[in-house]
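Because the structure is predicted, anything quoted here is derived from the model rather than measured. For reference, positions follow the sequence shown, starting with 1.
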Amino acid sequence: MSTNTSDTGSLIAVLDRADALPGAADLRARTYDLLQLQPGALVVDVGCGAGRAVAELTERGATAVGVDVSEHMITLARTRWDGGDFRLGDAYALPLGDGQAAGYRADKVFHELNDPARALGEARRVLGAGGRIVLVGQDWDTIVIDSDDAALTRRIVHARADTVPNPRAARRYRTLLLDAGFTDVTVDVHTAVFTDATMLPMVTGLAEASSTAGAVTREQADAWIAEQTERARAGRLFLALPLFVAAAQRA
């Protein structure tokens, strides 16, 4: 993840907007329930961003530790959630001892990792026997958008996916967890549907990234963006974003 201040500022705005979307709080609560934490149990939130999950887990009685690779994010989290335990680190080298944690949570993180298997090895290291892990994220190839030009839309979605380090990590959660030696693996999906302008910046961003990557022409991107913008104005936008939630236990 880039630590460039302007890039991080944009990411924070996106994350704040995502946290405020309908159903977002319920989905976070679902991940907390899947951790099955006892009062006082230590849980690490990997890729904690601005720290909301750490604060909410603490409110539930857990001993929550937030870890992020971005110094700017850690500083922001400490500012927003005074007294929270936020530490600089990454998914491959967590600032925790062996078997110290009872829970591990990573929300929209694994698609940014070049080596998810290595990250799960680190998760096993910090989790004690019987510890729980919960992974949340979208599969970048399964974003569904209505358009008059289905072929161009497919090209845009797939081209944007190809700019992500591990765009299909979410569909691999179950296999990755099993390969890492976790047991009792479950996976479910929560699909958010948007029909107004709330997520228009995300939709248009797909086309911008695809144009920058050379997968579509500037003219094609502009025409597609114009169509989606008009759809949003007229209340005809349709975006479906499936989020996969996987949970498992350390043997």
Side-chain angles (χ1 to χ4, degrees), residues 10-37 43-62 64 66 68 73 76-77 80-81 84 103-112 132-147 153 157 160-161 164 166-174 177 185-206 228-229 231-248:
S10 298
L11 178 59
I12 291 167
V14 170
L15 294 175
D16 284 345
R17 188 161 59 241
D19 281 347
L21 292 174
D26 289 341
L27 180 57
R28 289 196 305 275
R30 169 65 174 158
T31 69
Y32 307 154
D33 291 342
L34 287 169
L35 288 167
Q36 300 177 11
L37 296 169
V43 56
V44 57
D45 189 51
V46 180
C48 66
R52 184 180 300 276
V54 170
E56 291 177 344
L57 284 161
T58 300
E59 289 175 357
R60 283 176 165 238
D68 204 284
M73 284 292 194
L76 177 64
R80 287 189 175 183
W81 313 104
Y104 174 110
R105 178 182 182 275
D107 187 345
K108 304 179 190 70
V109 172
F110 271 55
H111 66 258
E112 293 286 355
R132 299 279 297 171
I133 182 170
V134 176
L135 307 177
V136 187
Q138 71 269 32
D139 184 305
W140 285 78
D141 271 346
T142 60
I143 297 172
V144 179
I145 301 169
D146 190 21
S147 169
T153 302
V157 170
R160 175 64 178 93
V164 177
N166 220 311
R168 289 163 286 279
R171 73 178 65 175
R172 300 184 60 225
Y173 282 162
R174 183 173 185 275
L177 287 164
V185 181
T186 62
V187 182
D188 56 30
V189 61
H190 300 253
T191 303
V193 175
F194 305 95
T195 58
D196 58 21
T198 302
M199 294 293 280
L200 182 61
M202 175 187 174
V203 171
T204 58
L206 299 176
Q228 293 301 318
T229 301
R231 281 175 173 268
R233 187 200 64 77
R236 293 293 186 270
L237 185 141
F238 182 91
L239 164 69
L241 185 64
L243 289 166
F244 294 88
V245 181

With sequence neighbours excluded, what pairs up with R172 under the salt bridge (Lys or Arg N to Asp or Glu O under 4.0 Å) test?
-> none
Non-hydrogen atoms of A77 and G49 that approach each other most closely = CB-O, 3.8 Å
Short question: side chain of Y173, backbone of V185 - any donor-acceptor pair under 3.5 Å?
-> no
Closest heavy-atom pair and its distance - A161, W140 | CB-CB, 3.7 Å
For residues 234-248, please give each side-chain donor-acceptor pair under 3.5 Å, one per line with the distance, not counting sequence neighbours.
none

Heavy-atom check, side chain of R105 versus side chain of R28, under 4.5 Å | yes
dist F194:CZ -> D196:CG (nearest 0.5 Å) comes out at 8.5 Å
Of all heavy-atom pairs linking V54 and T58, the shortest is O-OG1, 2.8 Å
Side-chain heavy-atom pair I143, M202 within 4.5 angstrom cut-off = yes
Just how far is it from atom CG of L206 to atom CD1 of I145, taken to the nearest 0.5 Å?
-> 5.0 Å
Less than 4.5 Å apart, any side-chain heavy atom of Q228 and any of S147?
-> yes
First locate atom CG of D146, then atom OG1 of T153, and finally report the distance between them rounded to the nearest 0.5 Å.
-> 8.0 Å
Rounding to 0.5 Å, atoms CG (L200) and OG1 (T198) come to a distance of 9.5 Å
If you measure from the Lys or Arg side-chain nitrogens to the Asp or Glu carboxylate oxygens, is any gap between R60 and D33 under 4.0 Å?
-> yes
Non-hydrogen atoms of D68 and C48 that approach each other most closely | OD2-N, 3.4 Å
Is there a side chain to side chain contact (heavy atoms under 4.5 Å, CB included) between D188 and R30 once you walk through the steps?
-> CA-CA 11 Å; D188 56 30; R30 169 65 174 158; 3.1 Å; yes
Greater than 12 external heavy atoms within 6.0 Å of R171's CZ = yes
Of the non-hydrogen atoms in A170 and G137, which two are nearest, and what is the gap between them?
-> CB-O, 3.6 Å
For L35 against G103, the heavy-atom pair lying closest together = CD2-CA, 4.2 Å
Do V187 and L177 come close enough that some side-chain heavy atom pair is under 4.5 Å?
-> no
Close side-chain approach of V144 to T191, heavy-atom, < 4.5 Å | no
Quick one: does W81's side chain have a donor or acceptor within less than 3.5 Å of a partner on A50's backbone?
-> yes
Distance in Å, Y104 OH paired with D45 CG, rounded so as to fall on 0.5 Å steps = 9.5 Å
Qualifying residues under salt bridge (Lys or Arg N to Asp or Glu O under 4.0 Å), relative to R52, sequence neighbours excluded | D19
Is the shortest heavy-atom distance from the side chain of V136 to the side chain of F110 under 4.5 Å?
-> no
